[in-house]
Amino acid sequence: MPVVVVESPAKAKTINKYLGPDFVVLASYGHVRDLPPKDGSVDTEHDFDMKWEVASDSKKHIRAISEALKSDDTLILATDPDREGEAISWHLKEALQSSLKKGKTVSRVTFNAITKEAVTKAMKEPRDIDTPLVEAYLARRALDYLVGFTLSPVLWRKLPGAKSAGRVQSVCLRLIVEREMEIEAFKAQEYWSVKAVLRTPRGQEFEASLVTLGGKKLQKFDIPTATAAELAVQAVTSRTFSVAGVESKPATRNPWPPFMTSTLQQEASRKYGMGAKQCMNAAQRLYEAGHITYMRTDGIDMAPEAVMAARSEIEKRFGKSYVPDSPRMYKNKAKNAQEAHECIRPTDMAMGPEKIRAEDDQRKLYDLIWKRTIASQMAAARMERTSVDVTSPDGQVALRANGQVVLFDGYLKVYDQGRDDKQDGDEDDEGRLPQIMQGEGVEKGAITPDQHFTQAPPRYTEATLVKRMEELGIGRPSTYASVLSTIVDREYVRKDKNRLFPEDKGRLVTAFLANFFKRYVEYDFTADLENELDDVSAGERDYKEVLARFWRDFSAAVAETSDLRISEVLDKIDDFLSPHLYPARADGSDPRACPTCGSGRLHLKTARSGSAFIGCGNYPECRYTRPLAGDAENVASDGRILGHDENGAEISLRSGRFGPYVQRGEATEEKPKPDRASLPKGWTPDGLTLERALALLSLPRQVGNHPEDGVMIEAAIGRFGPYVKHGSTYANLPDVEEVFSIGMNRAVEVLAQKLSRGPGRGAAAQPLRSLGAHPDGGEVQVMPGKYGPYVKWEKVNATLPKDETPEEVTLERALELITEKAAKGGKKPARKAAAKPAAKAKAPAKKPAAKKAPAKKAAAEAVEGEAVAAPAKKPAAKKAVAKKPAAAKTAAKKPAAKKADATE
């Protein structure tokens, strides 16, 4: 039987269903080879020769494929139809060379959707591996490796505390940092508008805005103050008005094109708050289940048969009037035809969102994809837009009202795209205006001035950042999710309420690169390099020439930094970030003057731990310090003043060794340790108010006396999170906010549940979810654990990845994790044997020697646009040798040592 290889078990299961028993379908579990995480994996001295290594986890998958090939001469590589999928197929072919001798054939097939028709058709159209696509992958992988393994060590040496830099990652970070600097430098400008409620002769009211004053058409800032606004109100109040003109115009709105990768990520973020990674994970599951076409695409064109199916479904559901006269065709904007596929659409247009059975994220995403696809082939919406001009007899003052009404909803019946941030001057569509005729007089109602301020540019969301990167040509849509995850994981960026805030660490890295590697974080340079890589995948450029040209200039730039001292680096960064670090003071004094000694000047410094802070230049005589984000006008030693309590004590937000905390007052002789409380998980310094700070400082909170024994129940936040306490019994609370509101009934219930589970650490954990039965028997459950949730089947425990929540994990996904864990060393539980009769006493069994703990393998993080040099290996721990007791009748059994990667 031909051996078909795909990436994932889920995809293998779906394809096996379509191909039947005549094929063996196996999974490679992603990439099987990678560059070893050490210097020299890309040999710049020998034509960029790349040394590949089969991952330890992949060896068993390679063996399984090799075993299957012993009984068949045909290997079919059916990985994803993009550059990465082509690379996986190439790696598989290279890794299986020893099994592909003696006339065995290798072919490559691709399909854009996992449906029976698409899969069987692809099997009839095999081809060779696409060499240009593989070379484009090799070029990107080599570039990411060279940047990561060359630039990251420079950061470690010259900028303590920095973790990594990357080809695309660093440019993405620069966008976020520069936007934040724009916001900090922004000065709001005041302006006013005037609106009047007008009444027609038939008694119908409508609202109009002042557009002409003193015979001059008003511009945005022509009414700058409250005084000017009052004068404008008087000008309207003192005049009579009549309708000078009524103009109605028909308008149409055409539907949006179907989704490609970047627009899907943007819309999922706008409508559901999904991050790019969460969106792509859900899309991957939908694709592997055969519900949608391939989700990594730059294309917006749709297959003709899909267009006709969409039109048929529109007529069936909404009627003939919603079907346009001719199919809508959308031009493919992809720069590189070899990497452009069909749009992201349902594989079956008749399968509406109401029919799909999937997890919540997948259901939401499918609903979005189905509606966008159907709407893209629907008739345009028809509207009528009306404007009414109302003027005074002298022509000195005029007002205007605008209205709009939908005459035919068209595609809006199904879908309308979400909006990003509203800009100054944006107005929402207004409703229909009343019947009114030219020449009619109007009566004035309320006339109100409205104060406005110009708004700073909004912080990026993942949606707007992806949109901006796409506009600049930075990276490629399929890589945005991994790039965004990396800068958050590196703690360069913080995500709060779907907004991206640069951390101080991220600012420092950006400042360093902008000063010493400016060319490599320029938008044009990064975009041009992407275009060169696209040329490689199109077969129009030699990838080794691209690497050689890049490496020549980049290695020279790195060499120039070798003699830099840390003090020079800090001085440069200090100057670059000075508007952020030393904002102007209200009293006009020098923002860099030390507020403690007065004579010293503030400078950027780094601690031994690598963290950066602001300190006085007169150290050690003056020991003033504050965090980078401290406000020079509002500083309490090293924090921000939030206000005062009812006794006048100052409440401040500070930054300490273990993170931000709030403090009441200052240390005194009577009270050397003032009241302090750390910010709990989920609370951010930016969102902290005086009220919440006082609530934190008031803990522990007394809930009341327990009804059984009268002992006080307290609620507080401890090292392991929020809890309630009754005597020596502690019970965790699921939510921090509950500490401030929990009542007696709820507290008693929580404490009773804790006691029912048994005392101490041996208490049995309650499952979070039950997923169903394992094929081999026994229940599969999602359990809470000290190190995070995990899935459990009998004696096999498999930790959930960080990006997957207990709510979204499926039985199918849990079985994958359990299989992988068991393959790594977990054993299938043994069946219990019947008890045997007691035998003669034997000598205690000899203990096996403890295995030497393997040195932890440092993995190179190979996401698009980044690779990180591996830290030096730690020396292996010495073997522990257990001495035998001299004459022991019974050997005490030692508890087994925990594995380094043990799960709950």
Side-chain angles (χ1 to χ4, degrees), residues 35-51 138-174 177 474-475 483 486-487 490 492 505-530 532-533 543-573 575-576 606 610 612 858 860-872:
L35 297 171
K38 59 185 179 183
D39 290 336
S41 293
V42 177
D43 192 345
T44 56
E45 301 295 324
H46 297 89
D47 204 22
F48 299 96
D49 182 46
M50 301 170 76
K51 299 176 178 64
L138 294 174
R140 289 174 187 271
R141 189 68 191 89
L143 282 171
D144 296 339
Y145 172 91
L146 291 172
V147 171
F149 273 79
T150 308
L151 193 50
S152 294
V154 175
L155 276 175
W156 301 340
R157 292 192 300 268
K158 308 299 181 183
L159 193 63
K163 292 185 178 178
S164 71
R167 183 175 60 86
V168 178
Q169 166 201 323
S170 299
V171 184
C172 177
L173 176 61
R174 179 189 167 190
V177 170
I474 298 168
V483 170
T486 299
I487 59 176
R490 291 275 170 274
Y492 290 163
K505 195 183 296 182
R507 289 179 187 262
L508 293 175
V509 170
T510 297
F512 175 81
L513 296 175
N515 277 278
F516 300 103
F517 292 91
K518 184 177 181 181
R519 185 184 179 196
Y520 301 96
V521 288
E522 286 177 347
Y523 305 133
D524 289 347
F525 174 81
T526 307
D528 289 344
L529 187 56
E530 288 291 349
E532 289 184 16
L533 293 171
Y543 84 98
K544 291 194 175 180
E545 287 180 10
V546 174
L547 291 174
R549 188 166 56 255
F550 174 87
W551 180 247
R552 182 181 63 245
D553 297 336
F554 181 69
S555 57
V558 170
E560 289 173 6
T561 66
S562 58
D563 295 330
L564 282 174
R565 291 177 297 180
I566 292 178
S567 58
E568 293 178 74
V569 171
L570 292 179
D571 286 344
K572 280 266 191 182
I573 294 174
D575 291 338
F576 183 86
T606 55
E861 298 176 39
V863 299
E864 177 76 21
E866 187 205 19
V868 184

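Computed from a predicted structure; not experimentally measured.
Between Pro36 and Lys51, the closest heavy-atom pair is CD-O, 2.9 Å. Counting all heavy atoms, side chain and backbone alike, Leu173 lies closest to Gly506 at CD2-O, 3.7 Å. Shown here for Gly148 and Pro153, the closest heavy-atom pair between the two residues is O-CD, 3.7 Å. The minimum heavy-atom distance linking Gln169 with Tyr492 is given by the pair NE2-CE1, 3.5 Å. A pairwise comparison of heavy atoms in Phe149 and Asp39 identifies CD2-OD1, 3.8 Å as the closest pair.
In this structure, the side chains of Glu532 and Phe550 stay at 4.5 Å or more apart for every pair of heavy atoms. Looking only at side-chain heavy atoms (C-beta outward), Glu530 and Ile474 stay at 4.5 Å or farther from each other. In this structure the side chain of Arg141 reaches within 4.5 angstrom of the side chain of Asp144, judged on heavy atoms. At least one side-chain heavy atom of Phe517 sits under 4.5 Å from a side-chain heavy atom of Val558. Side-chain contact between Leu547 and Val42 is absent, with no heavy-atom pair separated by less than 4.5 Å. In this structure the side chain of Ser555 never reaches within 4.5 angstrom of the side chain of Thr44, judged on heavy atoms.
Note that CZ of Arg519 is 10.0 Å distant from OG1 of Thr526, once rounded to the nearest 0.5 Å. With rounding to the nearest 0.5 angstrom, the CZ atom of Phe516 is 6.5 Å from the CD1 atom of Ile573. Note: Leu533 CG to Tyr543 OH = 12.5 Å, rounded to the nearest 0.5 Å. Summarising the geometry, atom NZ belonging to Lys505 is positioned 13.0 Å from atom OG1 belonging to Thr510; distances are rounded to the nearest 0.5 Å. The CG atom of Leu529 sits 5.5 Å away from atom CZ of Arg167, with the distance rounded to the nearest 0.5 Å. Rounded to the nearest 0.5 Å, atoms OG (Ser170) and CZ (Phe512) are 10.5 Å apart.
No donor-acceptor pair closer than 3.5 Å links the side chain of Thr150 to the backbone N or O of Val147. The main-chain N or O of Leu564 is found under 3.5 Å from a side-chain atom of Lys158 such that the two form a donor-acceptor pair. Tyr145 places no side-chain N or O within donor-acceptor distance of the main-chain N or O of Leu35, the cut-off being under 3.5 Å. In this structure, Asp47 contributes its side chain and Asp49 its backbone to no donor-acceptor pair below 3.5 Å. Looking at Tyr520, its side chain never comes within 3.5 Å of a backbone N or O of Leu513 through a donor-acceptor pair.
The environment of CG in Asp528 is crowded: more than 12 heavy-atom neighbours from other residues, nucleotides or ligands sit within 6.0 Å. Within 6.0 Å of the NZ atom in Lys572, the count of heavy atoms belonging to other residues, nucleotides or ligands does not exceed 12. Other residues, nucleotides and ligands contribute at most 12 non-hydrogen atoms within 6.0 Å of the NZ atom of Lys518.
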Criterion side-chain contact (heavy atoms from CB on, under 4.5 Å) on Val171 and Phe525, from CA distance to verdict = CA-CA 10 Å; Val171 184; Phe525 174 81; over 6 Å; no

